[in-house]
There are 2 protein chains.
Amino acid sequence: MTQDGRRLRGLRSREAILERAVALASVEGLDGLSLGRLAAATGTSKSGFFAHWRDKEQLQLDALDWATRQWADQVVAPAMAAPAGVRRLFALHEARLRFYGDGVLPGGCFFFTVQAEFDDRPGLVRDRVARALREWQEFIRRQVAQAVAQGELAESVDAAQLAYEIDALGEMVVVHSRLHDGPVALVHARRAVLQRLRALCPDPTLLPED
Amino acid sequence: MTQDGRRLRGLRSREAILERAVALASVEGLDGLSLGRLAAATGTSKSGFFAHWRDKEQLQLDALDWATRQWADQVVAPAMAAPAGVRRLFALHEARLRFYGDGVLPGGCFFFTVQAEFDDRPGLVRDRVARALREWQEFIRRQVAQAVAQGELAESVDAAQLAYEIDALGEMVVVHSRLHDGPVALVHARRAVLQRLRALCPDPTLLPED
DNA sequence: CAGGTATACAACCGATCGGTCGTTAATATA
DNA sequence: TATATTAACGACCGATCGGTTGTATACCTG
């Protein structure tokens, strides 16, 4: 029951469609994205989608999974190269800013767009978006807790509190850089987290000065 | 050429429609909001809109103005009651969090939704959204600069940098409280700015301890 | 009271939406 | 080789989209 030629081709086009869907959804949202435009952008027919997905919602859920894997590959994985503790925490922040600054997605951040789109309406997609945010927040919180355990952050640090600050300061770069500040927003976001971590770190030499 | 009875009625329904439009747009966005649903929500006919607005874009622009006035009345004005300086700066942050926490708009924040919606597409609406964000950011920056001038914040403070931090920490409450944290997000956002200001303030007794 | 103006409406328009149906061609399995 | 299975398609469906047109009614001005 291994992958034969035909299913392989199917998988390939499936992945190609999901990649385009995530890119387009980072601009117009998962619901704002229409199947007709997605078909035009991928050079396929609209009706062909329903061989891969039962309906639009299933495609949205798979696009969410695809974006999660992209985030794991391009943001989380590079940061894990840094030594555990406060350096990995800051590497995570910098990897995210690099992801935005490099313009990997045309809309800047898939998750930002989708969170803003679904935070108010019920449904399967909303639940998966909420889970993705929860897991991301929990992941940052664990990195903070680890840094505290290693003695690289003050004992008094509230991990969930600091995780919120790091995420908020990183996330708002998307809209500020596009509507207002340009690259300056990246500088602000980087410096905000860097100085916050340095202030809480008994050995600030672990982090760059500026 | 003063307001006569008829024009007054027109103005009243115009304001009522804009209020509903802002409330609905805080959930579905300015473009996601359809004229048909807005008509149903206001108990009027869709075609009646075109007596007040040339097209949907004009209605969107007026809704933006309406939301700006609402923000000025319900967030900025109350904060101006606090004495200028670091106390007014924090009052501004608290007024915003109260606006979110009280659920004044069903979607939490009109501007958050609309920024996420329009940060990627060109047009008149996008330009006005960008201007609103720029003016808001500039307003916070002036409050920071004033606090520095009064000696209530350290001389070394970069006003634009601190303004970005205050705005980002306040804005991300919307999505975090709705998708993840609930009211805890409000606590995180409040404490983050409070502790940041206290750390920069030569006389921390101007601000609450926690 | 006459005439113009503004509010608001129902009916309707072409375009697009998500989705269905029936078919074709290529592949995998027996 | 015979038979399912699968990817992919064009044509089409009812619903909804933003927007137009024509009309009825209420109001203000002359």
Could you give the CD-to-P distance, from A:Q58 to C:dG19, as a whole number of Å? 11 Å
side-chain contact (heavy atoms from CB on, under 4.5 Å) against A:R196, all qualifying residues, sequence neighbours excluded: A:L162, A:E165, A:L200
Does B:Q137 use its side chain to pair, donor to acceptor, with the backbone of A:H176 at less than 3.5 Å? no
Taking CG from B:D31 and P from D:dG18, how many angstroms apart are they, rounded to a whole number? 8 Å
Within residues 19-29 of chain B or reaching into it, pairs that qualify as side-chain hydrogen bond (donor to acceptor under 3.5 Å, both in side chains) - sequence neighbours excluded: B:E28-B:R37
When you compare the side chains of A:H52 and A:D62, does any donor N or O come within less than 3.5 Å of an acceptor on the partner? no
To the nearest 0.5 angstrom, please state how far the OG atom of A:S45 sits from the CG atom of A:L35. 11.0 Å
Name the stems that DNA chain D belongs to, where each is three or more consecutive Watson-Crick or G-U pairs with both distances under 3.5 Å? C:4-30 with D:1-27
Quick one, A:Q60 with A:W53, criterion side chain to side chain donor-acceptor pair (under 3.5 Å). Give me CA distance, side-chain angles, the key distance, then yes/no. CA-CA 9 Å; A:Q60 291 173 327; A:W53 299 278; over 6 Å; no
Protein-nucleotide distance (B:R54, atom CZ; D:dG18, atom P), rounded to Å: 17 Å
Rounded interatomic separation in angstrom, taking CH2 from A:W53 and C1' from D:dT6: 15 Å
Phosphate contact (D:dT6 OP1 or OP2) by A:H52 side-chain N/O below 4.0 Å: no
Between atom CZ in A:F50 and atom C1' in C:dT20, what is the gap in whole Å? 9 Å
Please report the distance, rounded to the nearest Å, between CZ in A:R12 and C1' in C:dT27. 15 Å
Produce the list of close N/O pairs, under 3.5 Å, pairing protein atoms with atoms of nucleotides 12-17 of chain C; give distances to one decimal.
residue, atom, partner, partner atom, Å
C:dC17, OP1, A:S34, OG, 2.8

Quick check for you: among C:dA8, D:dA8, D:dC9, whose closest atom lies nearest to any side-chain atom of B:S13? C:dA8
All pairs passing salt bridge (Lys or Arg N to Asp or Glu O under 4.0 Å) where residues 71-89 of chain A contributes a residue, at least two apart: A:R87-A:E152
Pairing residues for B:V27 by the side-chain contact (heavy atoms from CB on, under 4.5 Å) criterion, not counting sequence neighbours: A:D120, B:P106
Nearest atoms (heavy-atom pairs only) where B:F90 meets B:V193: CD1-CG1, 4.1 Å
Would you say C:dG19 has OP1 or OP2 under 4.0 Å from some side-chain N or O of A:S47? no
